[in-house]
**Q** 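Below is one structure. I have some questions about it.
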Amino acid sequence: TNARRLPVKYKGKLKIKMASNKADYIKVLAKTKTNEAAFSLHTNELKDKYQNDLGYYVDVYDYFSKAGAEKESKAILNEVIKSQYDNYELLRALAYKLEQEKNYKLASSIYKRVLLLRPEDAQSYRDLALMYQEIGKNQKAFELLNTVVSDAVYHAKNTKKSFAMNGITKHEINNLIQKDNTIDKSTLDSYNEINTNYDVRVVIDWNRADTDIELHVIDPSLEDCFYKNPKTRIGGEIAADLNAGYGPEEFTLPNARKGDYYVKVDYKNLELQDNENPTFMKVTTFKNYGTEKETKEVQVVRLVKTNGEQVVAKITI
């Protein structure tokens with residue numbers, strides 16, 4: 001009786017709507033006739049003009065990548081590594097894009113740099129660990145995840161413990177151990193095996209600590225699972241809400257009913273942002289998580305408004 005169901009008429013409004021990139025520099029690049037001309041414009045004019053905008057390099061990399069301009073997109077990444085190597089928020093956003101493209105090896109290199117810059121953030125260990133798992137370095141992935149679940153990162157860096165982060169990371173370290181029985185678990189303080197098999201799993205992360213994002217997942221019966229309604233009638237559950245740091249937030253559902261599941265975010269940027277200085281959010285959706293049939297999809301969303309809500313993904317079972 002306390003379930004938060006949306007009105008039936010709301011179902012027609014559940015449509016994925018990605019904000020188009022209206023940054024001035026993207027409009028200018030789009031007017032060029034060739035990728036070479038666009039890159040020349042970037043090199044000789046735009047990068048100096050927009051060097052202080054967080055979104056510039058991410059957006060320009062995305063522009064060339066979508067255009068199939070491999071040489072130019074690689075050149076943008078090299079520029080970032082050389083000139084913006086201390087900008088951990090920018091590096092994290094670019095790593096999100098590389099994850100989306102399944103370029104896990106290069107993403108792991110960037111996350112390794114972020115860890116060097118931000119060893120006080122538990123997120124830095126988790127990000128790199130998940131990329132190590134993607135490229136088959138499972139023991140290294142385990143050791144990094146164990147840094148979080150064992151609380152070693154919090155003791156060493158004297159940072160505040162995030163119970164939501166620890167719960168999510170416990171799912172991931174259990175999942176890793178269950179997939180690879182060759183992992184040496186001797187450094188694990190205690191191992192409480194938990195079921196990590198979910199029909200649906202959704203995780204969101206973001207690259208700026210000054211953004212508060214609430215994850216919502218709306219199931220086929222139109223019940224809205226979020227921090228005020230953390231458990232649904234069909235078994236969906238959302239991790240504790242985080243209103244500081246870089247996430248993550250997580251939704252899990254062990255036994256999904258057939259139908260459409262919509263992923264919605266409600267966000268508040270705690271510092272005023274504009275189109276050229278957005279927050280980048282990574283949305284990772286899993287089907288059959290923890291099983292041989294597991295599928296994973298990553299997309300990166302620009303949050304350009306100060307406040308808003310947006311449907312960012314749909315999962316069909």
**Q** Apply side chain to side chain contact (heavy atoms under 4.5 Å, CB included) to the pair L145 and Y125, showing each step before the final yes or no.
**A** CA-CA 7 Å; L145 291 174; Y125 299 83; over 6 Å; no
**Q** Taking the side chain as every heavy atom from C-beta outward, state whether E72 and K74 have any pair of such atoms under 4.5 Å apart.
**A**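 Side chain of E72 against side chain of K74, heavy atoms only: no contact under 4.5 Å found.
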**Q** Would you indicate whether K170, at its atom NZ, is surrounded by more than 12 heavy atoms from other residues, nucleotides or ligands within a distance under 6.0 Å?
**A** no
**Q** Tell me if a side-chain donor or acceptor on N229 pairs with a main-chain N or O of D224 at a distance below 3.5 Å.
**A**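 Indeed, once roles are kept as given, a pair shorter than 3.5 Å links the two residues.
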**Q** Just by distance, do the side chain of D180 and the backbone of T182 share a donor-acceptor pair under 3.5 Å?
**A**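 Yes, the answer is positive, given that a donor and an acceptor are paired below the 3.5 Å cut-off.
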**Q** Using a strict threshold of under 4.0 Å (side-chain N to carboxylate O), is an ion pair present between K49 and D24?
**A**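 A salt bridge is absent here (no side-chain N lies under 4.0 Å from a carboxylate O).
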**Q** Roughly how far, to the nearest 0.5 Å, is CG of N288 from CZ of R201?
**A** 13.5 Å
**Q** Locate the shortest heavy-atom distance separating I135 from K105; write the atom from each residue and the value.
**A** CG2-N, 3.8 Å
**Q** So which heavy atom on H171 is nearest to which on T196, and how close?
**A** O-CG2, 3.3 Å
**Q** For the CG atom of L222 and the OH atom of Y262, what is their distance to the nearest 0.5 Å?
**A** 9.0 Å
**Q** After noting the C-alpha distance and the side-chain angles of E89 and N87, does the key distance pass the side chain to side chain contact (heavy atoms under 4.5 Å, CB included) rule?
**A** CA-CA 6 Å; E89 291 181 335; N87 189 335; 3.9 Å; yes
**Q** Less than 4.5 Å apart, any side-chain heavy atom of W206 and any of K282?
**A** no
**Q** Given side chains that start at C-beta, do those of I234 and E223 come closer than 4.5 Å, heavy atoms only?
**A**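 They are not in side-chain contact.
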**Q** Looking at every non-hydrogen atom in both residues, tell me the closest pair between E79 and Y57 and how far apart they are.
**A**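 In this case the closest contact between E79 and Y57 is OE1-CE2, 3.6 Å.
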**Q** For the atom pair NZ (K15) and CD (Q310), what is the distance rounded to the nearest 0.5 Å?
**A**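 It is 15.0 Å, given to the nearest 0.5 Å.
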**Q** Could you walk me through whether Y111 and Q123 pass the side-chain hydrogen bond (donor to acceptor under 3.5 Å, both in side chains) check?
**A** CA-CA 10 Å; Y111 281 133; Q123 182 67 59; over 6 Å; no
**Q** So N146 and V149, do their side chains get closer than 4.5 Å, heavy atoms only?
**A** yes
**Q** Checking side-chain polar atoms at under 3.5 Å, does Q299 have a donor or acceptor matched by the opposite partner on Y96?
**A** no
**Q** Ignoring hydrogens, what is the shortest heavy-atom contact between S108 and L128? Give both atom names and the distance.
**A** O-CD1, 3.3 Å
**Q** Are F39 and V28 in one and the same hydrophobic cluster, where Ile, Leu, Val, Met, Phe, Trp and Tyr link if side-chain heavy atoms are under 4.5 Å apart?
**A** yes
**Q** Does the side chain of F142 reach to within under 4.5 Å of the side chain of I173, using non-hydrogen atoms?
**A**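 Result yes, sub-4.5 Å side-chain heavy-atom pair found.
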**Q** Given H42, which of Y63, Y25, Y50, Y56 fulfils the side chain to side chain donor-acceptor pair (under 3.5 Å) condition?
**A**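 When Y63, Y25, Y50, Y56 are each tested with H42, the side chain to side chain donor-acceptor pair (under 3.5 Å) holds only for Y56.
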**Q** If I compare all heavy atoms of T32 with all of L29, which pair ends up nearest, and what's the gap?
**A**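 Looks like OG1-O, 2.6 Å.
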**Q** Can a donor-acceptor pair be found, under 3.5 Å and without considering hydrogens, that links the side chain of N207 to the backbone of F280?
**A**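 Yes, because the side chain of N207 sits within donor-acceptor range (under 3.5 Å) of the backbone of F280.
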**Q** Could you list the residues that satisfy salt bridge (Lys or Arg N to Asp or Glu O under 4.0 Å) with D219, not counting sequence neighbours?
**A** none
**Q** In the structure I gave you, are the side-chain heavy atoms of T279 and Y267 within less than 4.5 Å of one another anywhere?
**A**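 No; the side chains remain at least 4.5 Å from each other.
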**Q** Check for a donor-acceptor pair, side chain of Q133 on one end and backbone N or O of A141 on the other, with a separation under 3.5 Å.
**A**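 No, the answer is negative, given that no donor and acceptor are paired below the 3.5 Å cut-off.
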**Q** Is the backbone of Y61 close enough, under 3.5 Å, to the side chain of K66 for a donor and an acceptor to pair up by distance?
**A**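 Checked: no pair found.
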**Q** Main chain of S40, side chain of N44: is a donor-acceptor contact present, judged purely on distance under 3.5 Å?
**A**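 Looks like yes, one N/O pair under 3.5 Å.
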**Q** Are Y85 and L98 connected, step by step, through hydrophobic side chains (Ile, Leu, Val, Met, Phe, Trp, Tyr) whose heavy atoms are closer than 4.5 Å?
**A**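 No.
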**Q** NZ/K314 to CG/D260 distance, rounded to the nearest 0.5 angstrom?
**A** 4.5 Å
**Q** Do V202 and T284 have side chains that get closer than 4.5 Å, going by heavy atoms?
**A** no
**Q** Going hydrophobic residue to hydrophobic residue with side-chain gaps under 4.5 angstrom, can you get from F286 over to I16?
**A**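 No, because F286 and I16 fall into different hydrophobic clusters, even though each may have its own neighbours under 4.5 Å.
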**Q** If you group Ile, Leu, Val, Met, Phe, Trp and Tyr by side-chain heavy-atom gaps below 4.5 Å, do V200 and Y289 land in one group?
**A** no
**Q** Assess whether atom NZ of K264 is packed by more than 12 heavy atoms of other residues, nucleotides or ligands within 6.0 Å.
**A**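 Check passes, neighbour count above 12.
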**Q** For N166 and D151, test the side chains for any donor-to-acceptor distance below 3.5 angstrom and give the result as yes or no.
**A** yes
**Q** How many angstroms lie between CG in L90 and CD1 in I110, if you round to the nearest 0.5 Å?
**A** 9.0 Å
**Q** Passes side chain to side chain contact (heavy atoms under 4.5 Å, CB included), D86 versus R113? Steps please.
**A** CA-CA 9 Å; D86 286 338; R113 174 62 185 169; 2.7 Å; yes
**Q** Are I317 and K287 close enough that some pair of their side-chain heavy atoms sits under 4.5 Å apart?
**A** yes
**Q** Among residues two or more places apart or on two chains, list those pairs meeting salt bridge (Lys or Arg N to Asp or Glu O under 4.0 Å) that have a residue in residues 129-141.
**A** E134-K296
**Q** Decide yes or no on side-chain hydrogen bond (donor to acceptor under 3.5 Å, both in side chains) for S221 and R5, but give the supporting numbers first.
**A** CA-CA 8 Å; S221 66; R5 296 183 186 274; 3.2 Å; yes
**Q** Is there a donor-acceptor pair closer than 3.5 Å between any side-chain N or O of T147 and the backbone N or O of V153?
**A**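 No, the answer is negative, given that no donor and acceptor are paired below the 3.5 Å cut-off.
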**Q** Check A313 against V283 and note the closest heavy-atom contact, atom names and distance.
**A** CB-CG1, 4.5 Å
**Q** Side-chain donor-acceptor pair under 3.5 Å between Q139 and D184, yes or no?
**A**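 No, because no side-chain N or O of Q139 sits under 3.5 Å from a partner of the opposite role on D184.
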**Q** Does a salt bridge link E294 with K179, judged by any charged N lying under 4.0 Å from a carboxylate O?
**A**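 Answer for the salt bridge query: yes.
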**Q** Check the surroundings of atom CD in E70: do more than 12 heavy atoms from other residues, nucleotides or ligands lie under 6.0 Å from it?
**A** no
**Q** Working note: M281 + V265, criterion side chain to side chain contact (heavy atoms under 4.5 Å, CB included); need CA distance, chi angles, decisive distance, verdict.
**A** CA-CA 10 Å; M281 179 182 67; V265 293; 3.7 Å; yes
**Q** Between E101 and K97, is the closest basic N to carboxylate O distance under 4.0 Å?
**A** no
**Q** Would you call D205 and R92 a salt bridge, taking side-chain N to carboxylate O under 4.0 Å as the test?
**A**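 No.
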**Q** In terms of hydrophobic clustering (I, L, V, M, F, W, Y; side-chain heavy atoms under 4.5 Å; direct or indirect links), are M131 and V148 co-clustered?
**A**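 Per the 4.5 Å side-chain linkage, M131 and V148 are co-clustered.
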**Q** Please round to the nearest 0.5 Å and tell me the distance separating atom CD of E99 and atom CG of L94.
**A**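 Result: 12.0 Å between the selected atoms.
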**Q** Can you check whether R257's main-chain N or O pairs, donor with acceptor, with Y261's side chain at less than 3.5 Å?
**A**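 Indeed, once roles are kept as given, a pair shorter than 3.5 Å links the two residues.
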